[in-house]
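Notes for the one structure printed next.
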There are 2 protein chains.
Amino acid sequence: MKKEEAIFRDFLKTKGLKLTKPRRIILNAVFSTHEHFNVDALYDIIRKRHKNVSRATIYRTMPLMIEAGLIKQALRCQAKDHYEHIFGHKSHLHFICDKCGKIVEKESKQVEKIIKDLAETEGFEIREFNVGAKGLCADCRS
Amino acid sequence: MKKEEAIFRDFLKTKGLKLTKPRRIILNAVFSTHEHFNVDALYDIIRKRHKNVSRATIYRTMPLMIEAGLIKQALRCQAKDHYEHIFGHKSHLHFICDKCGKIVEKESKQVEKIIKDLAETEGFEIREFNVGAKGLCADCRS
DNA sequence: TTTAATTTGAGAATCATTCGCAAAAATAAG
DNA sequence: CTTATTTTTGCGAATGATTCTCAAATTAAA
């Protein structure tokens, strides 16, 4: 069993919930991609093999995977919620193109360090960074 | 005429648009508050004095004010888009408390500088920063 | 004042997300 | 292997913020 599956199963167990077939299918779809994703894209991926997993179940599974610490709600783009992996991925910031919707990721320990220090002066305990900017990507600037 | 009104008028003129009465009312409502706001709250404020400004017009005016550099889309909270002032306010980042929902604002020119530099190496043109973190505020940590 | 262009309000339309519910699946117990 | 209990599912309907349509109103210029 893959590690993320074990994590998810254990998390569900602590909540008295079950790792069902649809939940496993959704988890696999989520970890079959290594980029940002949204429910619609996930639905398309899943439907190629499993005609009977509904959108509702995907929507219902997202918060569970977030609570399990596997993914996080990354940003909102073109009126859709987007998610990204936490498990197995480094923290990073996002540049979102307003025009084509492309998302560029960049790492910066420096930024997180500064933010963390600022938070400390405020007595604020950071659980999750949310750093980025919107604008125009190189392609769309022409 | 207030400065923000002049800015807005000038911006509109460059686009061949007009500073109409509803747009002026909306602008005033926006700058009557000094905190984050959403369209719904704005609608309530405006409706106290002007019964005939529609939600549609408010929604239509937001992107104009953003493009004019007066406000920016700050964050999404409770399924609603929230906005904040740029004009007359220093750029800042947000700490959002997961427990009580409180938003703490902090300034950091440094962070934006770093992000801007990162964007440049990518050919990305930033229109709007989006920097913050989620976690627990001082009060909720006890 | 006439004219041409932009805006408006009202309500309908859109679209992502959530809900309600009866049927299906999972787990535990016998 | 049944039965009983709980959780889950898929479906379609509901929700709610935002956007669109369009005829009437407003604007600014000639």
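The basis for the numbers below is simple: all heavy atoms, side chains too, and nothing from hydrogens, waters or symmetry mates. Throughout, a chain's letter reflects where its sequence line sits, starting with A, and its residues are numbered from 1. Every value quoted in this text rests on a predicted model; they were computed, and no experiment measured them.
Residues from residues 9-20 of chain A placing a heavy atom under 4.0 Å of any atom in DNA chain D, listed by number, are A:Leu17, A:Lys18, A:Thr20. The stretch residues 70-84 of chain B touches DNA chain D through B:Arg76, B:Ala79, B:Lys80, B:Asp81, each having a heavy atom under 4.0 angstrom from the strand. Annotation: proximity of residues 36-55 of chain A to DNA chain D (heavy atom, distance under 4.0 Å) is found for A:Arg47, A:Asn52, A:Val53, A:Ser54, numbered in ascending order.
Closest non-hydrogen pair, A:Ala29 versus A:Ile45, comes out as CB-CG2, 4.2 Å.
Among residues two or more places apart in sequence or in another chain, the salt bridge (charged side-chain N to carboxylate O under 4.0 Å, His left out) test is passed with B:Asp44 by none. Checked against salt bridge (charged side-chain N to carboxylate O under 4.0 Å, His left out), A:Lys90 has no partners two or more places apart in sequence or in another chain. In this structure, the side-chain hydrogen bond (donor to acceptor under 3.5 Å, both in side chains) partners of B:Asn28, at least two apart in sequence or on a different chain, are B:Lys2. For A:Phe8, there are no ring-ring contact (aromatic ring centres under 6.0 Å, His included) partners at least two apart in sequence or on another chain. With sequence neighbours excluded, the residues that form a salt bridge (charged side-chain N to carboxylate O under 4.0 Å, His left out) with A:Glu125 are B:Arg141. Partners of A:Arg47 according to the salt bridge (charged side-chain N to carboxylate O under 4.0 Å, His left out) rule, which considers only residues two or more places apart in sequence or in another chain, do not exist here.
The distance from atom NZ of B:Lys21 to atom C1' of C:dT6 is 17 Å, rounded to the nearest whole Å. Residue B:Leu64 contributes atom CG, which lies 8 Å from atom P of C:dT7 at whole-angstrom precision. At whole-Å resolution of the value, CZ in B:Arg23 and C1' in C:dT6 are 8 Å apart.
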Taking only distance into account, with no hydrogens and no angle test, what donor-acceptor pairs under 3.5 Å do side-chain atoms of residues 58-71 of chain A form with protein atoms, sequence neighbours excluded?
unit_1, atom_1, unit_2, atom_2, d
A:Thr61, OG1, A:Thr57, O, 2.6
A:Glu67, OE2, A:Lys15, NZ, 3.0

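A donor-acceptor pair is defined here as one N or O able to donate and one able to accept, closer than 3.5 Å; such a pair exists between the side chain of A:Arg23 and the backbone of A:Lys18. Looking at A:His34, its side chain never comes within 3.5 Å of a backbone N or O of A:His89 through a donor-acceptor pair.
Relative to the axis of its first five pairs, the axis of the last five pairs of the helix from C:dT1-D:dA30 to C:dG30-D:dC1 sits at 30°, rounded to 10 degrees.
Placement of B:Ile26 and B:Ile7 within a single hydrophobic cluster is found when ILVMFWY residues are connected by side-chain heavy-atom separations under 4.5 Å, directly or transitively. In the hydrophobic clustering of this structure, A:Leu118 groups with B:Phe129; members are Ile, Leu, Val, Met, Phe, Trp, Tyr whose side-chain heavy atoms approach within less than 4.5 Å, directly or through other members. Under the 4.5 Å side-chain heavy-atom criterion for grouping Ile, Leu, Val, Met, Phe, Trp and Tyr, A:Val53 is connected to A:Phe37 within one hydrophobic cluster.
Under 4.0 angstrom from either OP1 or OP2 of C:dT18 there lies no side-chain N or O belonging to A:Tyr59.
In this structure, B:Lys134 places its NZ atom where only 12 or fewer heavy-atom neighbours from other residues, nucleotides or ligands lie under 6.0 Å away.
The footprint of chain A on DNA chain D, defined by a heavy-atom cutoff below 4.0 Å, extends from D:dT6 to D:dC11.
Side chains of A:His36 and A:Glu84: a donor-acceptor N/O pair is present below 3.5 angstrom, by distance only.
A:Arg60 comes within 4.0 angstrom of a base, heavy atoms only.
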